[in-house]
Amino acid sequence: MVEIKTDTALEAMREAGRIVAHALAAARAAASVGVRLRELDEAARTVLTEAGARSPFLGYQPSFAPIPFPAVICASVNDAVAHGIPNDYRLRDGDLVSIDSGAELDGWTGDAAISFTVGTPRPADLELIAATQRALDAGIAAATVGHRIGDISHAISTVARKAACGMPSDFGGHGIGRQMHEDPHVPNHGRPGRGFPMRHGLTLAIEPMLMAGGRNDYFTGNDGWTLRTIDGSRAAHIEHTIAITEDGPRILTQL
């Protein structure tokens, strides 16, 4: 069932989203050469704790996962597309890092992700991140009253194809609100004019994941969580929680 949120609920989700933005900013600020991924998780965890928010990631265990997720962020490096578990890996010069995080506050949830480089960036990585941002921007621009979910999917995939990037075919965005994952599913591949119709009060997490190698297939790492490119190419993941409104899409997960 798809829940359409009231304007009061949208304001509550905005508060949760602001905490997510601060948690991501803290994780990024902590990221430098030699820093462990676990330390980025600790930085984000401090933000959530001080804000009185709960992590919807910590302890989450979907059907595909062998263990509950043990952290408040996903930290995915280089060929890791998403769902990376923050561990004792020390960041190296030139690493491409994607951080995904969420927050639940007063019963409402936000979810967002960022990608960035550490130390000296590779030009190809900067272009991959830029293409992923363009894909997200295109998806958000298509999220308007009267359009359908397929319009978001088509906008994202059009940018990815133009950039010669692949995307995991069975992972994408989702509805969000009282829980982190709600209906409807928001594929990153799709046809315009298809899918659930958008109306004022619909809230979605839109999250393109672009893989530089151009392939759409991937594999799951030994930890049972981390999605990795099949060809070892690098990946980027950027996400925002948004609300569809009569005045246009509203980003809820920014500072």
Side-chain angles (χ1 to χ4, degrees), residues 2 20 24 57 62 64 74 76 78-84 96-102 110-116 125 127-144 147-177 180-198 202-220 225-231 233-244 249 251-253:
V2 176
V20 176
L24 290 172
F57 287 28
F64 67 81
C74 297
S76 306
N78 296 333
D79 67 323
V81 185
H83 301 167
L96 194 166
V97 183
S98 297
I99 303 293
D100 190 359
S101 190
D111 183 12
I114 57 175
S115 288
F116 56 91
D125 289 345
E127 175 50 37
L128 177 63
I129 293 169
T132 308
Q133 183 66 59
R134 291 196 301 271
L136 176 61
D137 292 344
I140 292 174
T144 58
H147 283 169
R148 292 178 176 266
I149 294 297
D151 295 304
I152 297 175
S153 307
H154 179 71
I156 291 171
S157 61
T158 297
V159 173
R161 285 196 301 270
K162 186 174 181 180
C165 292
M167 292 188 293
S169 56
D170 50 351
F171 281 90
H174 48 88
I176 185 171
M180 180 168 60
H181 291 131
E182 298 181 350
D183 291 333
H185 178 54
V186 186
N188 287 329
H189 303 262
R191 297 174 61 183
R194 303 292 182 90
F196 190 83
M198 288 181 276
L202 178 66
T203 48
L204 305 171
I206 300 176
E207 50 179 323
M209 308 167 193
L210 271 60
M211 301 184 291
R215 300 175 62 171
N216 295 332
D217 45 354
Y218 62 91
F219 71 95
T220 302
W225 273 98
T226 307
L227 309 184
R228 295 189 178 276
T229 60
I230 202 77
D231 56 5
S233 63
R234 295 194 168 197
H237 174 202
I238 308 180
E239 174 185 15
H240 269 308
T241 294
I242 69 160
I244 286 81
I251 299 174
L252 303 178
T253 44

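Throughout, residue positions are numbered sequentially from 1 according to the sequence presented.
Using a 4.5 Å heavy-atom cutoff, the side chains of Ser153 and His189 are not in contact. Considering only heavy atoms from C-beta on, Pro187 comes within 4.5 Å of Ile149 through its side chain. Side-chain contact check for Ile156 versus Val186: every heavy-atom pair is 4.5 Å or farther apart. The side-chain heavy atoms of Met167 and Leu210, taken from C-beta on, include a pair separated by under 4.5 Å. Taking the side chain as every heavy atom from C-beta outward, Asn78 and Thr229 never approach each other to under 4.5 Å. Ile114 has its side chain out of reach of Ile238: every pair of non-hydrogen atoms, C-beta onward, lies at least 4.5 Å apart.
Between Phe64 and His83, the angle of the ring planes stays under 30°, which puts this pair in the parallel group of the 30/60° scheme.
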message: Under the criterion side chain to side chain contact (heavy atoms under 4.5 Å, CB included), I'd like the reasoning laid out for Thr241 against Val20: C-alpha separation, chi angles, the key distance, then a yes or no.
response: CA-CA 10 Å; Thr241 294; Val20 176; over 6 Å; no
message: Using the rule given for side chain to side chain contact (heavy atoms under 4.5 Å, CB included), can you reason through Phe171 versus Glu207, listing the C-alpha separation, both sets of side-chain angles and the distance that settles it, and then say yes or no?
response: CA-CA 9 Å; Phe171 281 90; Glu207 50 179 323; over 6 Å; no
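If you check the side chains of Thr253 and His240, you find a donor sitting under 3.5 Å from an acceptor. Between the side chains of Asp79 and Tyr218, no donor-acceptor pair is found at a separation under 3.5 Å.
Remark: Phe116 engages no residue in a ring-ring contact (aromatic ring centres under 6.0 Å, His included) (not counting sequence neighbours).
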Could you list the donor-acceptor pairs under 3.5 angstrom formed by side chains in residues 128-144, with sequence neighbours left out?
residue, atom, partner, partner atom, Å
Thr132, OG1, Leu128, O, 2.8
Gln133, NE2, Asp137, OD1, 2.9
Arg134, NH2, Glu127, OE2, 2.9
Thr144, OG1, His147, ND1, 2.9

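Going from atom CE of Met209 over to atom CG of Asp100 covers 7.5 Å, rounded to the nearest 0.5 Å.
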